[in-house]
Amino acid sequence: MMSEHILPKRLYYTVFGLLMLCTYLTVQAAFIDLGVLNTVVALAIAVFKATIVVLFFMHVKYSTRLTWAVVLGSIFWLGILIVLTLSDYLTRRWLTYGGA
Amino acid sequence: MGTTPLFPVSASTMAPRVDALYFFLIGVTVFFSLLIAGLIVYYAVKYHRRSTDAVGERIHGSLWLEVTWSVVPFLITMVIFVWGASVYFAIASPPAETLNIYVVGKQWMWKFQHLDGQREINELHVPVGRNVKLITTSEDVIHDLFVPAFRVKADVIPGRYVNIWFNATKPGRYHLFCAEYCGTRHSGMIGEVVVMEETEYQDWLSGGGQEGSLAAAGEKLFADLACNTCHRPDSAGRGPVLTGLFGQTVTTQAGEMVVVDEAYVRESILNPSAKVTAGYQPIMPTFQGLVSEEGLLELIEYVKSLQAQPQAQPLSDAR
Amino acid sequence: MPTVLLPPRHYLNNGYGIRSWLLTRDHKRIALLYLAAVTFFFFVGGAFAVWIRLDLATPAGDLVSDETYNKLFTMHGVMMVFFFLIPAIPSVLGNFLVPIMIGAKDLAFPKLNLASWYIYMLGGAFTLYALVSGGVDTGWTFYTPFSTASSTTNVIPTALGIFITGFSSILTGLNFIVTIHRMRAPGMTWFRLPLFIWSTYATSLINVLGTPVIAITILLVAAERLFQFGFFNPALGGDPVLFQHLFWFYSHPAVYIMVLPAMGVVSELVAAGCRKPVFGYSFVAFASLAIAVLGFLVWGHHMFVAGESVYSALIFSILSFMVAIPSAVKVFNWTATMYRGAVSWETPMLYAYGFIGLFTIGGLTGLFLAAIAVDVHVTDTYFIVAHFHYIMVGGTIMAYLGGVHYWWPKISGRLYNEGLAKLSAGIIFIGFNLTFFPQFVLGYLGMPRRYHAYPEEFQVLNVLSSAGASILGVGYLIPMVYLMWSLRYGRAAGSNPWGAVGLEWTTTSPPPTENFSQTPVVTWNAYEYSPKVDHVA
Amino acid sequence: MSPDGAAQASHIGEVSGHHSGLAHQFDSLAQQREAATLGMWCFLVTEVLFFGGLFLTYALYRGWYSGAFTAASRELLIWPGTINTVVLITSSLTMALAVHAAQTGDRRSLILFLAVTMLLGSVFLGIKGFEYYEGFLEGHFPGPRFQFEAEHFREAQIFFSLYYLMTGLHAIHMIIGLGVMAVMVWMSWRGTITAEYYNPIEVSGLYWHFVDIVWIFLFPLLYLIGRHA
Ligand code: HEA
Ligand code: HEA
Ligand code: CUA
Ligand SMILES: [Cu+2]
């Protein structure tokens, strides 16, 4: 049963603290030159932030399997869109129809 | 002509290969369509409901049947896939030695430029039995060059060079269509491909060509646009020496290796700062809007012709 | 049969005024609102089709100017796809049947359901406005940079209309998903659901997952057209092929939105027509889901010659073959269902036969297109046109008409004229094949699509096609007449005229507003006809 | 069974403790809450794919024109972006607390937290408006008035096209969110919201958090990547 039991406020404050910390880190990291890693770090932090928001603020951690399925499904389909499209762009340099 | 053909003439080395797969597919289609239709009619008659309250037998299914009619079609499709893919590869990869012809599509006409100068519109003359490569681009929207008799087709995309290659096997006149919808006169953007015997073709070549070769036109443009102020044969210019450049790999300031092909030269002219060659300042101005698509093709052909050894025969690709 | 009468109380006589319809939250009345709208758009689209065919009767295309012609096929495609075929079966039959089939009082969100209809009508209004105020000439595919930089016609209003309508199908899909998950009657387990519910569920998944992408794509096109935001126009640094990826990410799955509900209808028709459980129920059920998922992985097969990477072309090609398999499984299972059935020759069954045969041909010609080398030759020719009309007209519309005839007694409570129905079914079948079979030949000959004029040697085949279209048109007009007629003069049908099973046949025809006097408790599987003991063939 | 299925259908009466919030098509509040929550999640799926199209476009051009995109993103002021991130995350906290208050039936703090959430949301929009204004003066808005160093002109224009479209759509979602919150305040005020029936708050909370998540990604992608000298 989704969101039946009520989460302690403490939990919310902890998550909030983490989010703030991450925000601070990501801004700091942006000014250090890590090469490609800058992008990786920024996105990794963003993904982490998103995850804890979904799990705790949006109560998914305590929700039905169906809710989990919906959440993961949306991520999976986003993956399809991006991966299959890039599968075209990233392999163009090898052989493109009309190329060579 | 008053006759009504039901099958297209096959006039290229690729046509028979495509047709063969086509016939195989027709076989599969006829077989399964007749199978399904036959069964439907047979059952409909045999088991026709006789009394109003009759009910069918309670049959729920059969695993092995399900497996069979999943696996068999799957295997058939895999045959089709491999076959189709292999022929597609052949269509998509032009042979090394080709006779190159430049094509510019615009709403709503086809412009062809032959290496030694002839220009034609909506009509394309090619020799029989030679590998011909059309290097196409578009001035405005996406077009698509389609020659049914050759079974080849490719979208002609603005800002890109798309190659279409074929080897004509039969002299004659064949339809040339624009197959990608491109606006009002899309259906008027048609022409003819004229396939000629080698000898006739040579006569035809020598017929026109007053303007001099494409490379020559490019050389003239190269001077008019003052490219030569920076790009000189000797390394005294502020720009890199272009001689022998085409086909080489150059390193950009970003450190990536890029092959100098048509697309690269085009970009270097229209958008020089995109890939700045290592060891040079990004001082080359953009020529966006100053050079027409034809002009670009001439410049490209000129850059191609600047081979270290001048006796590189003009009729063959730099690679 | 003894003269039955309509029940004293049902959803149709529960209020008569115009407000009782325009403000209704009853899914059955909303279904009828959709029926009216969808039929209207079909005839508009059909009128364009007739116009196209008349123009193509002569090589020079003497009837209209090329400019007009381009607007004709664009409007034809837009109307038929976005305003007729996508909503047709889910919004009309789905809306009417889903709650009844699962034993619910209504959809989960009745207000949202009504809202969807208004959104749909608003979208339609925009598109009709674009139509009367000059039309649009981009083709239903809106390829860039033509649509953003070159066309001078009403691209924005049309696109906006499609954008708005998209929300209607999103909300309808969402409504169905939630309803099927949460509103099933006690005992109605997933594997007791009628197959129509399974396919509607699969369709709804596509609606929810695909439609948002076409929405954002339309916004990008509008932004580029209005503010020169350079997303797709090479002159501005954009990439036209990116548009094609985004467009087909939705529009290929959309073709399964257009066929999956039809498959669901056919499953119902075959079961009732043979008084027999559908052969391989669970395989047919899962095939629907498989199609919905795999359908999202093949869009690149529309771009084989558009300058995409050869390697991704290979990926998209092989996946296109994969998605054909579940369809094959369904066809075989329907055919096997007829084995040892009590097979009826009534109109709905005739349409079901028509669907299976024509869908098979249409689908198999899809394999020609998935086979890349052949597609290079036939893409953007009439072969494509023939392929998709075989599936969408020969397949989906056949199933739709079959479904309308099958459930008409439930919807209206009355019986139509069987003789006329059989006649028109025959006319439609003949007219259809005459219209579209020649187009396969034309396509391989190399006649490009979207051509207003064509070389003489193609004329004979085109004339055949045009002749077929006029027969087809007549075939479509006849049902309009006798169905309307039956509303007033048809005999009362009784709750179960076909002797079929399924919850919808346990309630009165027409059903009461709350569908069932009491929430049914389901204790049997779908299609349990014969009392005989099970034995597996 | 016989062709007439009715024979087999045994019946049960309505089981529904009647509550003002219970709609006729549902049998129980539990069923209604599950339906509404599932509905909102499905809606959020569509939102993910809606923004997904934009993120794809962004990824592609970032890869192609990384130089120009870096240069262009440096043009954005970093402090408003950062402050806005903090503001929005805080509003997510207050939203979560509002749901908590609703669950515990604490009407006063419910209304309070909703109000604070709306306040923070408006602050976010205010700052965004200021950024737009700045950008407009700097000639960042694509089109005839666009200004950028010649070297990256075209590509930078694409960056800003994406910037305005992405943040603009996000802002529109914020505005819709504020509207929803206003309704929630009203409902709580009227006392429709109770410890048994707090689903509207919960569901609109999901939406609010989602809009927050979108920004969590927009911030690094538009402001941060390529910030380092
Ligand atoms: C309802 C609509 C619908 C459906 C269901 C399909 C189904 C399929 N389509 Fe079609 N298609 C369209 C509508 C549809 N299509 C439209 C509108 C276009 C053109 C868009 C435009 O450009 O305007 C198009 C275009 C199109 C293309 C692009 C052509 C081009 O533009 O170059 C391709 C390429 O692969 C394709 C393939 C397929 C395949 C493989 C299937 C498969 O799903 C078919 C599966 C079915 C079967 C295979 C038949 C049943 C099987 C058997 C009887 C058993 C035997 C089976 C085997 C041996 C495998 N379609
Ligand atoms: C659901 C989808 C659907 C349906 C049902 C149809 C139905 C028909 N289509 Fe459709 N067609 C498309 C979808 C559909 N089409 C799409 C997507 C395209 C591509 C567009 C593009 O390229 O952008 C297309 C393109 C297309 C072309 C190619 C145009 C071109 O490329 O140049 C042709 C040509 O023959 C054609 C013909 C027909 C015919 C004869 C019918 C017949 O089945 C129609 C039968 C119906 C009627 C005849 C109506 C009956 C009523 C009357 C006749 C009465 C007269 C009217 C009034 C009283 C108002 N269609
Ligand atoms: Cu050029 Cu069509
Ligand atoms: Cu497709």
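Chain A is the first sequence line, chain B the second, and so forth, proteins listed ahead of strands; every chain is numbered from 1.
C/Phe146 and B/Tyr181 have their aromatic ring centers within a separation under 6.0 angstrom.
Under the 3.5 Å distance criterion, the side-chain polar atoms of C/Arg275 are left unmatched by any main-chain donor or acceptor of B/Val55. With hydrogens and angles disregarded, no donor-acceptor distance shorter than 3.5 Å links the side chain of B/Lys153 to the backbone of C/Val305. A donor-acceptor distance shorter than 3.5 angstrom exists from the side chain of B/Arg49 to the backbone of C/Gly273, with no hydrogens or angles considered. In this structure a side-chain-to-backbone donor-acceptor pair under 3.5 Å is missing from C/Tyr444 to B/Tyr22. One N or O on the side chain of C/Trp345 and one on the backbone of B/Ala44 form a donor-acceptor pair closer than 3.5 Å. Formation of a donor-acceptor pair under 3.5 Å by the C/Asn70 side chain with backbone atoms of B/Thr184 is found in this model.
Nearest heavy atoms, B/Ile142 versus C/Gln244: CD1-NE2, 3.6 Å. Taking all atoms of both residues into account, the shortest heavy-atom contact from B/Pro5 to C/Leu461 is O-CD1, 4.4 Å. For the pair C/Phe321 and B/Met78, the tightest heavy-atom approach, listed with the atom from each and the gap, is CB-CE, 4.1 Å. Here the closest non-hydrogen pair linking B/Gly84 and C/Ala373 is O-CB, 3.4 Å. Pairing each heavy atom of B/Pro8 with each of C/His377, the nearest pair is CG-NE2, 4.4 Å. Closest of all the heavy-atom pairs between B/Ala54 and C/Ala342 is O-CB, 3.8 Å.
With a 4.5 angstrom heavy-atom cutoff, B/Ala37 does not touch chain C via any of its atoms. When heavy atoms are compared at a cutoff of 4.5 Å, B/Arg160 approaches chain C solely by way of its side chain, counted from C-beta outward. With a 4.5 angstrom heavy-atom cutoff, B/Gln288 does not touch chain C via any of its atoms. Interface residue B/Phe89: only side-chain heavy atoms are found under 4.5 Å from chain C. Only the side chain of B/Phe146 comes within contact range of chain C, with at least one heavy atom under 4.5 Å from a heavy atom of that chain. Of the atoms belonging to B/Ser86, not a single heavy atom falls under 4.5 Å from chain C. Contacts of B/Ile76 with chain C are absent, with no heavy-atom separation under 4.5 Å from either backbone or side chain. Both the backbone and the side chain of B/Asp19 have a heavy atom closer than 4.5 Å to some heavy atom of chain C. Looking at B/Met14, neither its backbone nor its side chain comes within 4.5 Å of chain C, counting heavy atoms on both sides. Using a 4.5 Å cut-off between heavy atoms, B/Val18 touches chain C through backbone and side chain atoms alike. Only the side chain of B/Ile157 comes within less than 4.5 Å of a heavy atom of chain C; its backbone N, CA, C and O stay farther away.
Per-residue heavy-atom pair counts under 4.5 Å with chain C were compared for B/Ser51, B/Ala85, B/Ala90, B/Ser70, and the maximum is reached by B/Ser70. Between chain B and the residues C/Pro455, C/Ala370, C/Gly363, C/Gly139, the largest count of heavy-atom pairs under 4.5 Å involves C/Pro455. Contact count against chain B (heavy-atom pairs under 4.5 Å) is highest for C/Ala306 among C/Ala336, C/Ala328, C/Ala306. Among the candidates C/Ala235, C/Ser282, C/Ser317, C/Gly61, the residue making the largest number of heavy-atom pairs closer than 4.5 Å to chain B is C/Ser317. Ranking C/Tyr353, C/Phe458, C/Tyr281 against chain B, the residue ahead of the rest is C/Tyr353, based on heavy-atom pairs under 4.5 Å.
Evaluation of the ring-ring contact (aromatic ring centres under 6.0 Å, His included) rule for C/Phe191 yields C/Trp198, C/Phe286 as partners, not counting sequence neighbours.
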